[in-house]
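For the numbers below, each heavy atom of this structure counts, side chains included, while hydrogens, waters and symmetry mates do not.
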Amino acid sequence: MLFGAASLVFALFFPYLQPLAIAAALAVVFRPVHRKLQSYVGAPNGAAAFLTVVISVGLVLVPLLILGSLVFLEARGLVTYLRLGGYGGVEDDIVDILSRYMPGLRSNLASYVQDIGLSVAGNVRGVLSGTVSALFNFALSAIAFFYILKDGDRFAAAFAKVSPFKEERDYQILDRLETAVNAVVTGTVVVAVAQGVLAGIGFAIFGIPSPALWGGVAIFAALIPGIGTSLVVVPAVLYLLYAGSPIMALALLAWGAVLVGLIDNILRPWLIGRSFNIHPFLVLLSVFGGLQLFGPLGIILGPISLALLIVLLDLSDHYLDGE
């Protein structure tokens, strides 16, 4: 009966696993903010949790909405540009030069753009019908986020009570999971977003077309080990050189090397230290796999799933060794 009841409750909660996982990840990341509000402001636990939710929405949701809107508008403009065969200028010259070594490049680009347009048009109805579901999931995440902050200690005690391990082991598991979530969210996703945003700002300052779009591409490029944002910054520098702007090209190169390139070495250790490390190639695969499995939220849920597996494997190894 216990197994049947647990299976039934799991089936009830499973459709809401994604918003609950996002809420738990946000609670871990913004837990220091919640603690400072309690200690500095002297707010009660519930009030501090509510203020933390409001602050996190302002710091995370609003910038993401602005960035997403800019990327969408610039992507639509690029699709129109390619569909009409170009407007003349440096972009057309570059495509002509590349076509000498890759015959049929322009026709292939037009075909790809047409396929993208048909795919987007075919999914408009699905996007519209999913608006209500997205708002519901957002509200559920916000409510769960609030209660995890407010009653996190009670949840931890309840977990320790039903867990078959010793209480010390239970809290060790929770501490390691918290460290892992911080590592993949702040040390990987936040760093990649920061690098992409800085790259996009540099593109806008130094005259690269569609800076928000290429900044979004740089976010994913930042997850590639060894290459990172140079995969986007270097072609942008070459574009400026070909366009006859060597000073702007050198300035963008310095911007990419100093601000964008070094932020990983400065921001990542400051955010997570050296307590938990995952190979960047595995993180990259988890992001792409998460996007395929979970949709846009997979950029967070994919690495978190990987971190959860690594933590459990490590703890199970110590448990089998009798530690």
In terms of heavy-atom contacts, Ala11 and Pro15 come closest through O-CD, 3.3 Å
Interatomic distance, CG@Leu306 vs CG@Leu301, rounded to 0.5 Å, equals 12.5 Å
Relative to each other, are the rings of Phe288 and Phe220 parallel, tilted or perpendicular (30° and 60° limits)?
-> parallel
Item to complete: Following the transitive rule for hydrophobic clusters with a side-chain heavy-atom cut-off under 4.5 Å over Ile, Leu, Val, Met, Phe, Trp and Tyr, establish whether Ile208 and Val217 coincide in one cluster.
Response: yes
Is the shortest side-chain heavy-atom distance between Leu140 and Pro19 below 4.5 Å?
yes
Inset, instruction - Answer whether the closest heavy-atom distance between the side chains of Leu37 and Ile55 falls below 4.5 Å. - result: yes
Original post:
Heavy-atom distance under 4.5 Å between the side chains of Val54 and Phe50, does that happen here?
Top reply: yes
>> Membership question, hydrophobic clusters at under 4.5 Å side-chain separation (ILVMFWY): are Met248 and Phe203 in the same one?
In response: yes
Starting from Leu20, can I reach Ile148 by hopping between I/L/V/M/F/W/Y residues whose side chains sit under 4.5 Å apart? no
For Val232 and Ala221, the nearest pair of non-hydrogen atoms, with its separation, is CG2-CB, 4.0 Å
Correct closest heavy-atom pair for Ala199 and Val260 would be N-CG2, 3.8 Å
d(Leu51 CG, Leu149 CG) to nearest 0.5 Å is 11.0 Å
Point to revise | Ile247, CD1 atom: more than 12 neighbouring heavy atoms under 6.0 Å | key: no
Correct closest heavy-atom pair for Ile304 and Ala25 would be CD1-CB, 3.6 Å
For residues 23-33, the salt bridge (Lys or Arg N to Asp or Glu O under 4.0 Å) pairs (sequence neighbours left out) are Arg31-Glu178
For Asp151, the salt bridge (Lys or Arg N to Asp or Glu O under 4.0 Å) test, sequence neighbours excluded, returns Arg154
Q) Is any side-chain heavy atom of Pro209 closer than 4.5 Å to a side-chain heavy atom of Tyr239? A) yes
One should read off an interatomic distance between Ser286 OG and Leu293 CG, to the nearest 0.5 angstrom, of 11.5 Å
Taken in chain and number order and not counting sequence neighbours, the residues that satisfy salt bridge (Lys or Arg N to Asp or Glu O under 4.0 Å) with Arg35 are none
**Common cluster, Val28/Ile143, ILVMFWY with side-chain heavy-atom separation under 4.5 Å** = yes
Sequence neighbours excluded, the answer for ring pair (Phe, Tyr, Trp, His ring centres under 6.0 Å) partners of Phe3 is none
Under a side-chain separation threshold of 4.5 Å, the hydrophobic residues clustered together with Val258 are none
Indicate yes or no: at least one non-hydrogen side-chain atom of Leu252 is less than 4.5 angstrom from one of Ile205.
no
dist Leu12:CG -> Phe10:CZ (nearest 0.5 Å) comes out at 11.0 Å
Within 6.0 angstrom of Tyr16 OH, more than 12 heavy atoms from elsewhere:
no
Can you find a pair of side-chain heavy atoms, one from Ile219 and one from Gln195, that are under 4.5 Å apart? no
Minimal heavy-atom distance between Ser230 and Pro235, with the atoms involved, is O-CD, 3.7 Å
With Phe206 as partner, the option from Leu240, Val237, Ile201 fulfilling side chain to side chain contact (heavy atoms under 4.5 Å, CB included) is Leu240
Q.
Taking Phe146 as the starting point, is it possible to reach Leu59 by hopping between hydrophobic residues whose side chains are less than 4.5 Å apart?
A. yes
All heavy atoms of Val53 vs all of Ser56, minimum pair found to be O-OG, 2.8 Å
query: So, Trp255 side chain and Leu198 main chain: donor-acceptor pair closer than 3.5 Å or not?
result: yes
Taken in chain and number order and not counting sequence neighbours, the residues that satisfy ring pair (Phe, Tyr, Trp, His ring centres under 6.0 Å) with Phe13 are none
Do Ile22 and Phe145 have side chains that get closer than 4.5 Å, going by heavy atoms?
-> no
